[in-house]
Amino acid sequence: MAKRKGDELAAEESPFKPLSAPSAPVPPPAPEPSAAPVAMVPLESIPGIDPRIPPALRANGYGDLWPSQQEAAPLAVAGKNLVLAVPTASGKSLVAYLALLSKALKGAHGLYLVPLRALASEKYEDLKALGAALGLRVAIATGDLDAEDPQLARFDIVVATSEKADALLRHKAQWLTNMGCIVADEVHLMGDPGRGPTLEVLLARFKQLNPSAQIVALSATIQNSRQIAEWLGAAHVKTEWRPVQLREGILYGEAITFTDGERQKVESGLEDASLALTEDSVRKGGSVIVFVSTRKSTEALAEKLVAATRGSLTDANKAALAEATASLKGSDETSVEKRLAKCMMGGAAFHHAGLRNAERGLVERLFKAGHLKALSATPTLAAGVNLPARRVVVRDLFRYDVNSGNVAIPVLEYKQMAGRAGRPRYDKVGEAITIAKTHDQRGEISASFLFADPERIESKLGTENALRTHVLSSIASEFVGDEAELDAFMKATFYAHTSDTWVLKERTTRVIDFLLENELITAQGDAFQATRFGKRVSELYVDPKSAVQIRAGLARVGEARLTPMSFLHLIASTPDMIPLYLRKGDEWLAGVAMEREAEILVPQKHGADYEFFLAELKTASLLHDWIEEAPEEEMLKKYGAYPGDVASKVETARWLLYATEEIARIFQKEATKPVTQLAARVQHGARAELLPLLELRGVGRWRARQLWRAGYHSRDLLAQASFADLTRVQGIGPGVAASILKELGRDPEAEAPAPRSGQQTLWE
DNA sequence: GGTTTTGATATTTAGACAGCATGTC
DNA sequence: CTAAATATCAAAACC
């Protein structure tokens, strides 16, 4: 048990004593998680566990059951419904795996739902290894990852994002309707206004489709996890235990005061609080993540963090970082990458969603391996893949919100960031530290974050936005055939479980009206049926509002001067595309608006909405530059965007253009061709002239452009080239050249010089 | 004379799922 | 409408 230093002082000054205002009493500290040896329970002693499971787990590095798992594991194995509310990194995945594997060994299928694609990969790797040891087949299904086999039905366990699972249900994947076990990871996400309703509807649907299926919901510790358990008819297990003890504290001046009352001086010569906290920990062999509220802060801070990390780099660290930095420079070198490389050489890095996925992954790997000593990050890192640090500094507890200025971040979010502290196997304790600038702030932070309970989570299904898409999908997938069935389904949701349903009823009626008016569904008496349009919209997984807007735009095709910009703006004006921010220097967009007026398919917005129109145009303009092969660095500057932003806009555009193409197939056949071509251009980021070359395997935008420059303007011209000529083209090596010729029906082996020893060729 | 520091003022603000059918430098 | 950190630019201090 921690010894209290300076009790007297603590009694007077500790921010953890009750505050003066009796109306807001500070709850007493939670019982200390015991750092003492804990009673582990062997896997083999779980009642009824299949004897094949424990050895498979042990072979994959899992040990005995931690206290946090001991109550839940037997329930999971016995096939019971379960809501497990535990802190991050306390081993809740293992409980889910136990449930899935137990069911699968009995021949029932399992589904593991996650909110992030990166998380899907992580869980898939885990389960694949376990499955291999048990003779079970595991697959992954997300928007951007190969489902190894389109016949997902053949797999015993499928890992999927909730949206992907929802999409599969809309396509009436029969195998999904008789799942034996459904795991919902991070169920507290049900309270997210954007994506929560999908998870909620999905769980309600599974409950309806197969009431005997086992549901295991994993949650962060939230106030009303019991309520979720009641809704799901599940046992509720809540623990605070963590394998690595977590200490939360507040830095004020030069010392940290922890919630147990202990004080600790920060040893550093650096002035700035975040830097001092970093140097203090890194010098003692620790690692640090500093959470801040903006991307810019993340970069500015990382540049300064170097002062705190550089001194602690070993030669091995330096070598690894030098190698990694070199790989970074291999790609188009943008200023963000230069900046990142500079930080990395000093042992620190920044991490936010503006980085490309590869860059984010690189930073994560280097930090995990201990080569990077400190990271500054936006909340991406708190919700994403498992990336712990010995010390977590939550620097910014407020974040800008468009509606209300700077607002305190949710307690749940603070807890998730704090929960990243403590690396199992490396650290005895993890520290989560916030910074107080004034004496008063200490008390405020303590009461509002460290000792505060995370918020309740509330269903966000009651908004028309959420209902529009889910009511349509219910009807289109024939889960619901009339008003009574719709009511019955709505009554089975978490929303209905927690609130009066009259609001829901009223909004549902309005949504039905919207769907009827726009001919997404038809009604005969009380019975509903989706139109061809409605069915397709549901399957395409776009917001019905987007689809209606796209249809309206397509109807004007004859009146406008049709260019790529016409369609790019059409999709950018859709609620499924989040537009780029409008910034100070963006006045040029007004000019574009004038020039392009004849090309725009959507009626221009005026007055107060003019800025929205310009923001849509900005997004469309970025996509237009992309397909005109504008140099990336130039684009990033022009739009104030990051590489990751371009990638995400391109991804969304591809998806919406496909939807546009399909909608055109129904209503405006003559528009399909230009849209198909545009979609290909967006996919590759290239002008139309390169499209034939881009169909070749191994040829992307860069190689295609090089081939074009070398005079190969068509596949025919290319087919006549000699192997030697091709290899002289910038970016085309012997391997690619051979593959191109082979694809064009030539026999490169006859022409190619014998491959040098050790060099791999494509046709071996 | 040129450079750095200081200070007032202007500017900006987290994240990321989905179709379908195969592969960038 | 709200806030705070960072960027920017000009003036002042410094070498």
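Bear in mind the structure is a predicted one, so any value in this text is a computation, not a measurement. By convention in this document, chain letters (A, B, ...) are assigned in the order of the sequence lines, proteins followed by strands, and residues within each chain are numbered from 1. In what follows, every heavy atom counts, from backbone to side chain, and hydrogens, waters and symmetry copies are set aside.
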Checklist entry - When you compare C/dA5 with B/dA14, how far apart are their P atoms, in angstrom units rounded to a whole number? => result 15 Å

In plain terms, say whether [X] and [Y] are close enough for a salt bridge, that is, a side-chain N and a carboxylate O under 4.0 Å apart.
| X | Y | value |
| --- | --- | --- |
| A/Glu633 | A/Lys637 | no |
| A/Glu628 | A/Arg681 | yes |
| A/Arg356 | A/Glu337 | yes |
| A/Arg339 | A/Glu359 | no |
| A/Glu299 | A/Lys296 | no |

Can a side chain N or O of [X] be found less than 4.0 Å away from OP1 or OP2 on [N]?
| X | N | result |
| --- | --- | --- |
| A/Ser293 | B/dT13 | no |
| A/Arg117 | B/dC17 | yes |
| A/His171 | B/dC20 | yes |
| A/Thr161 | B/dA18 | yes |
| A/Arg295 | B/dG15 | yes |

Checklist entry - Does DNA chain B take part in any stems of at least 3 consecutive Watson-Crick or G-U pairs (both distances under 3.5 Å), and if so, which ones? => result B:1-13 with C:3-15

When all nucleic acid strands are considered with a 4.0 Å heavy-atom cut-off, which category describes [X]: base, sugar-phosphate, or nothing?
| X | result |
| --- | --- |
| A/Lys649 | nothing |
| A/Arg705 | nothing |
| A/Val292 | nothing |
| A/Gly405 | base |
| A/Arg360 | sugar-phosphate |
| A/Asp166 | nothing |

Next on the checklist: Is the base of C/dA4 stacked against the aromatic ring of A/Phe398, taking ring centres under 5.5 Å apart and planes under 30° as the test?
Outcome noted: no

Next on the checklist: Can you list everything that forms a ring-ring contact (aromatic ring centres under 6.0 Å, His included) with A/Tyr639? Sequence neighbours excluded, please.
Outcome noted: A/Trp588

Item to check | Of all pairs that satisfy ring pair (Phe, Tyr, Trp, His ring centres under 6.0 Å), the ones with a partner from residues 641-668 of chain A, not counting sequence neighbours | outcome: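 For residues 641-668 of chain A, and leaving out neighbouring residues, the ring pair (Phe, Tyr, Trp, His ring centres under 6.0 Å) pairs sorted by first residue read A/His352-A/Tyr642, A/Phe533-A/Phe667.
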
